[in-house]
Amino acid sequence: MSLRHGPRPARATTPRATTALATTGLAVLAAMVAGCSGSAGPSGAGATETAGVAAVTGSKAFTATQLKDALLAKVSGARPAAAAEAGDYGKLPDVQTSKQSMKGVKVVPAKCAEATVAGFNSAAFSRAPAAVVTFRVGRDGVSEVLLSVSSQLAKTALNYRLPAGCAHYKATIDGKTYSYTVRQSTVGGLADQARALNVKASGYAQVDVWSVVYRGRGFVGAVTVVGPDASQQGAKTMASQAYSRAEQSLS
């Protein structure tokens with residue numbers, strides 16, 4: 001994330017415009033395409049020990065089950081909105097759904113269709129062991145995703161940069177056009193490396209997306225907050241908690 005509609009618990013308040021505003025990635029947060037933020041809405045816990053472990057070439061390799069156990073159990077006192085998902089990243093239900101959600105969405109300029117990817121869009125991530133969970137915190141949806149990858153692949157996710165000219169773009173969804181603003185920044189003092197991504201739809205107050213992507217030893221993670229109360233500080237605080245939990249569990 002990570003970003004389909006926002007996290008599953010927020011579904012009732014997020015129309016199709018927001019649906020194209022949040023794809024897994026992510027979760028996460030998986031790809032955040034066409035103004036989408038990395039979020040996920042788990043539908044089941046498939047803690048499969050996958051061949052994706054073999055794709056991890058770094059000094060550490062974690063199974064999907066280990067990653068699932070390293071996810072946050074609560075966010076601001078709230079328990080998960082649904083059971084966590086675990087397995088090959090590319091096969092997670094929400095990653096598959098996020099791809100489907102972009103059908104029929106027209107982005108201008110076209111090159112900005114992946115302007116807000118969380119960094120996990122490369123095919124190299126598809127077989128990586130992963131786990132994702134979502135929460136409902138007040139009016140916002142929150143998602144967390146963890147992937148076990150090599151150090152080089154982790155750096156690829158963290159060093160992603162917005163395509164030139166894609167800080168502002170438009171997306172047409174169900175015949176209505178929305179304008180998006182995307183901002184990316186480095187986050188200091190978190191994990192080995194971290195960055196933040198903000199996506200906002202003009203004229204749509206309920207759509208504000210903040211994602212923080214970070215890398216640790218043998219894993220990368222992302223926390224995405226979608227909703228009217230989402231903020232960079234809030235996302236950074238949750239990401240810090242997620243990293244601490246994962247680092248302790250996977251050490």
Side-chain angles (χ1 to χ4, degrees), residues 1-4 6-9 22-32 37-56 58 60-75 78-98 118-122 124-136 141-150 153-154 157 191 194 211-225 235 238-251:
M1 213 79 213
S2 152
L3 293 48
R4 104 180 199 166
R8 175 169 300 178
T23 57
T24 306
L26 41 2
V28 248
L29 235 173
M32 292 189 293
S37 138
S39 68
S43 56
T48 310
E49 303 306 330
T50 71
V53 176
V56 181
K60 288 189 176 184
F62 303 107
T63 66
T65 296
Q66 288 176 307
L67 295 171
K68 180 184 173 185
D69 291 340
L71 293 168
L72 288 170
K74 292 183 179 181
V75 171
R79 294 186 178 279
E85 294 176 353
D88 283 1
Y89 180 72
K91 294 181 179 179
L92 292 178
D94 276 0
V95 176
Q96 295 289 325
T97 304
S98 68
F120 307 144
N121 60 318
S122 167
F125 288 95
S126 64
R127 296 188 65 197
V132 63
V133 66
T134 60
F135 302 83
R136 176 69 185 230
V142 177
S143 72
E144 178 193 5
V145 62
L146 287 173
L147 296 87
S148 179
V149 298
S150 68
L153 198 54
S211 284
V212 174
V213 184
Y214 61 85
R215 65 180 178 90
R217 292 177 293 179
F219 64 92
V220 291
V223 168
T224 299
V225 185
M238 292 179 196
S240 180
Q241 294 170 349
Y243 168 70
S244 295
R245 162 66 182 161
E247 179 71 9
Q248 180 179 26
S249 178
L250 299 173
S251 61

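In this chain, residues are counted from 1 in sequence order.
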Checklist entry - Considering residues at least two apart in sequence or located in another chain, which fulfil the ring-ring contact (aromatic ring centres under 6.0 Å, His included) criterion with Phe219? => result none

Checklist entry - What's the shortest heavy-atom distance between Pro80 and Val133, and which atoms? => result CB-CG2, 3.6 Å

Item to check | Closest non-hydrogen atom pair between Leu71 and Arg245, with its separation | outcome: O-NE, 3.4 Å

Item to check | Minimal non-hydrogen separation, Val142 against Met238, with atom names | outcome: CG1-SD, 3.8 Å

Item to check | CZ on Phe62 to CG on Leu250, rounded to 0.5 Å | outcome: 4.5 Å

Item to check | Backbone of Gly90 reached by a side-chain donor or acceptor of Ser126 within 3.5 Å | outcome: no

Item to check | Validation row: Val212, Val225 side chains within 4.5 angstrom (heavy atoms) | outcome: no

Item to check | Distance-minimising heavy-atom pair for Tyr214 and Ala239 | outcome: CE2-O, 4.0 Å

Item to check | Matching residue for Leu146 among Val220, Leu67, Val132 - test: side chain to side chain contact (heavy atoms under 4.5 Å, CB included) | outcome: Leu67

Checklist entry - Distance-only, no hydrogens or angles: does the Ser251 side chain make a donor-acceptor pair with backbone N or O of Gln248 under 3.5 Å? => result yes

Checklist outcome for this item: When rounded to the nearest 0.5 Å, the distance separating NZ of Lys68 from CD of Glu85 is 10.0 Å

Next on the checklist: For the OH atom of Tyr243 and the CZ atom of Arg215, what is their distance to the nearest 0.5 Å?
Outcome noted: 10.0 Å

Checklist entry - Nearest heavy-atom pair of Leu72 and Phe135: which atoms, and what distance? => result O-CZ, 3.4 Å

Checklist entry - Which heavy atom of Thr224 sits nearest a heavy atom of Ser211, and at what distance? => result OG1-OG, 2.6 Å

